[in-house]
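What follows is a short report on a single structure.
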There are 2 protein chains.
Amino acid sequence: MTGERRKFRREGADSRRQALVLATLDLIAEQGVRGATVRAIAERADVTQGLIRHYFSTKDELVQEAYLAHMAGLTEQTFAGVVEREAALGRLAALVVASVTPPVVDAASVGLWAGFLNHVRQDARMRAVHAQTYHDFRDRLERLIVAALEEAGRAPDAGQARRLAIACNAVIDGLWLEGGALPEAFGPDELTGIALTAVGAILQLDLEEAAKT
Amino acid sequence: MTGERRKFRREGADSRRQALVLATLDLIAEQGVRGATVRAIAERADVTQGLIRHYFSTKDELVQEAYLAHMAGLTEQTFAGVVEREAALGRLAALVVASVTPPVVDAASVGLWAGFLNHVRQDARMRAVHAQTYHDFRDRLERLIVAALEEAGRAPDAGQARRLAIACNAVIDGLWLEGGALPEAFGPDELTGIALTAVGAILQLDLEEAAKT
DNA sequence: GGCTCAATTATACGCTTGCATAATTACAAC
DNA sequence: GTTGTAATTATGCAAGCGTATAATTGAGCC
């Protein structure tokens with residue numbers, strides 16, 4: 001009865017790193033940062049804990065990469081399907097709807113974001129990722145807003161465009177947050193309607209009509 | 001050279017509990033939940049760790065009480081100074097301004113909130129506190145909105161009032177979040193102006209004028 | 001001034017954590 | 001088939017964690 005050593009398959013560095021990152025995100029989403037221990041991550045990725053050290057020189061490095069992946073995925077999910085429309089107004093409406101609809105609005109996603117925030121505040125590199133993700137999203141939103149306004153024959157100056165983008169982004173973020181943190185407080189399509197009305201009111205555009213087409 | 005035992009003063013249960021709660025909030029705000037260990041909390045409160053167990057049967061109980069205190073303080077800070085005006089419009093403007101101004105908007109405060117969120121998701125009692133805090137705030141906001149609209153000769157029905165409150169709350173929360181998480185991204189009074197304009201646009205009321213008086 | 005008792009300190013236990021290092025093994029090259 | 005090597009497992013360690021419990025001590029009361 002020799003202690004049977006565990007069998008394993010060799011895999012490429014990329015696929016293993018990705019698997020570890022995914023396992024990390026799963027665990028943080030489910031149990032908070034507390035639950036994402038090195039051992040739990042390894043188990044979830046079906047690997048022994050030593051391997052983590054082989055791919056990431058420290059746990060913080062893994063967490064950092066997981067954060068990057070999560071934020072990139074969030075932006076990607078939000079903008080998926082936005083480009084396929086002709087009118088800027090329609091694209092804007094689609095973006096707003098996507099921002100307050102699953103899978104973007106989701107308890108795990110918000111929990112993940114919150115779990116990372118304190119790491120973000122203490123690590124310079126994560127702070128940079130955070131700032132860039134935020135600004136990227138807001139810039140794309142601002143360009144869409146400007147396009148939609150120009151389409152309607154209005155031309156905001158730079159300062160106005162910036163302020164409008166910040167305000168619309170705030171509506172979206174606020175609803176994202178509340179929808180994710182307190183899902184049972186809202187009806188099925190309630191957030192969608194509110195988001196379209198509110199952003200429409202701020203921009204003085206009819207987004208609700210545009211969303212239907 | 002006998003190991004000198006530490007001197008101490010006896011204090012009332014209330015004051016000690018409060019000191020421990022404050023120390024907990026300080027630490028979570030500064031270093032995240034990770035840094036708020038029993039030993040660190042005790043040191044910050046100038047007490048030995050055994051005393052924590054004397055007042056709280058478990059660490060989670062202390063964290064729970066700290067969360068309650070933080071949320072109550074946040075609502076209180078936001079509504080302080082709102083009641084002193086005659087016109088509902090002015091009170092609403094004051095509330096909006098207070099919501100996006102320090103000390104409510106603050107990196108530590110947002111960090112605290114984020115640090116608690118994952119505890120909230122796993123503990124039923126904390127979830128109840130969270131839901132109630134949110135609904136309390138939104139209900140007060142809704143009443144203020146209804147009063148301001150009636151003052152302007154408009155009478156929203158219940159559904160409209162609810163949706164308007166959710167939307168305005170989202171703007172406020174979104175700006176609170178972004179202002180706290182990314183302070184350097186905004187000018188000094190920028191958030192105030194944006195908040196007033198955006199909420200004003202949603203409600204079709206002139207809040208900026210009302211805020212000046 | 002001594003008694004009493006809760007408030008406080010002191011100490012220690014068992015567990016988990018992140019990290020290090022040595023031993024194995026799958027797989028490709030020749 | 002042998003060999004080389006990087007991928008993977010196995011094992012261990014020191015530190016920190018929350019919790020339990022026993023020993024002290026301040027302070028009000030008679």
Nearest to the side chain of [X], which nucleotide is it out of [options]?
{"X": "A:R5", "options": "D:dC17, C:dG18, D:dA10", "answer": "D:dA10"}
{"X": "A:R53", "options": "C:dC19, C:dT8, D:dT8", "answer": "C:dC19"}
{"X": "A:H54", "options": "D:dT8, D:dC17, C:dT9", "answer": "D:dT8"}
{"X": "A:R39", "options": "D:dA10, C:dC27, D:dC13", "answer": "D:dC13"}
{"X": "A:K59", "options": "D:dG18, C:dC19, C:dA10", "answer": "C:dC19"}
{"X": "A:R16", "options": "D:dT19, D:dT8, D:dT25", "answer": "D:dT8"}
{"X": "A:Q49", "options": "C:dT9, D:dG12, D:dT8", "answer": "D:dG12"}

task: Evaluate whether atom CZ of B:R34 has more than 12 neighbouring non-hydrogen atoms of other residues, nucleotides or ligands under 6.0 angstrom away.
output: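 Not more than 12 within 6.0 Å, no.
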
- prompt: Does CD belonging to B:E11 count more than 12 external heavy atoms closer than 6.0 Å?
  reply: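 Count over threshold, so yes.
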
In this structure, how many angstroms lie between the [atom2] atom of [N] and the [atom1] atom of [X], rounded?
{"X": "A:F56", "N": "D:dA7", "atom1": "CZ", "atom2": "P", "value": "13 Å"}
{"X": "B:Q31", "N": "D:dC17", "atom1": "CD", "atom2": "C1'", "value": "15 Å"}
{"X": "B:L27", "N": "D:dC17", "atom1": "CG", "atom2": "P", "value": "11 Å"}
{"X": "B:K7", "N": "D:dT24", "atom1": "NZ", "atom2": "P", "value": "14 Å"}
{"X": "A:I52", "N": "D:dT8", "atom1": "CD1", "atom2": "C1'", "value": "13 Å"}
{"X": "A:E43", "N": "D:dA10", "atom1": "CD", "atom2": "P", "value": "13 Å"}
{"X": "B:R34", "N": "D:dG18", "atom1": "CZ", "atom2": "P", "value": "12 Å"}
{"X": "B:L51", "N": "D:dA23", "atom1": "CG", "atom2": "C1'", "value": "15 Å"}

query: Do the side chain of A:R10 and the base of D:dT8 come within less than 3.5 angstrom through a donor-acceptor pair of N or O atoms?
result: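 Side chain to base: no pair below 3.5 Å.
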
- request: Output, in order, the C-alpha distance, side-chain angles, deciding distance and verdict of salt bridge (charged side-chain N to carboxylate O under 4.0 Å, His left out) for A:R127 and B:E184.
  value: CA-CA 12 Å; A:R127 224 177 305 128; B:E184 66 276 19; over 6 Å; no

Do the side chains of [X] and [Y] get close enough for a salt bridge, i.e. N-O under 4.0 angstrom?
{"X": "B:E30", "Y": "B:R44", "value": "yes"}
{"X": "A:E178", "Y": "B:R138", "value": "no"}
{"X": "B:D46", "Y": "B:R6", "value": "yes"}

- prompt: Closer to the 5' end of DNA chain D via nearest nucleotide, is it B:F8 or A:D46?
  reply: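 The 5'-side residue here is A:D46.
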
field: Residue closer to the 5' end of DNA chain C, A:D60 versus B:R9 (nearest nucleotide)
entry: B:R9

Is there a side-chain polar atom (N or O) of [X] under 4.0 Å from OP1 or OP2 of [N]?
{"X": "A:Y55", "N": "D:dT8", "answer": "yes"}
{"X": "A:T37", "N": "C:dT16", "answer": "no"}
{"X": "A:T58", "N": "C:dG18", "answer": "no"}

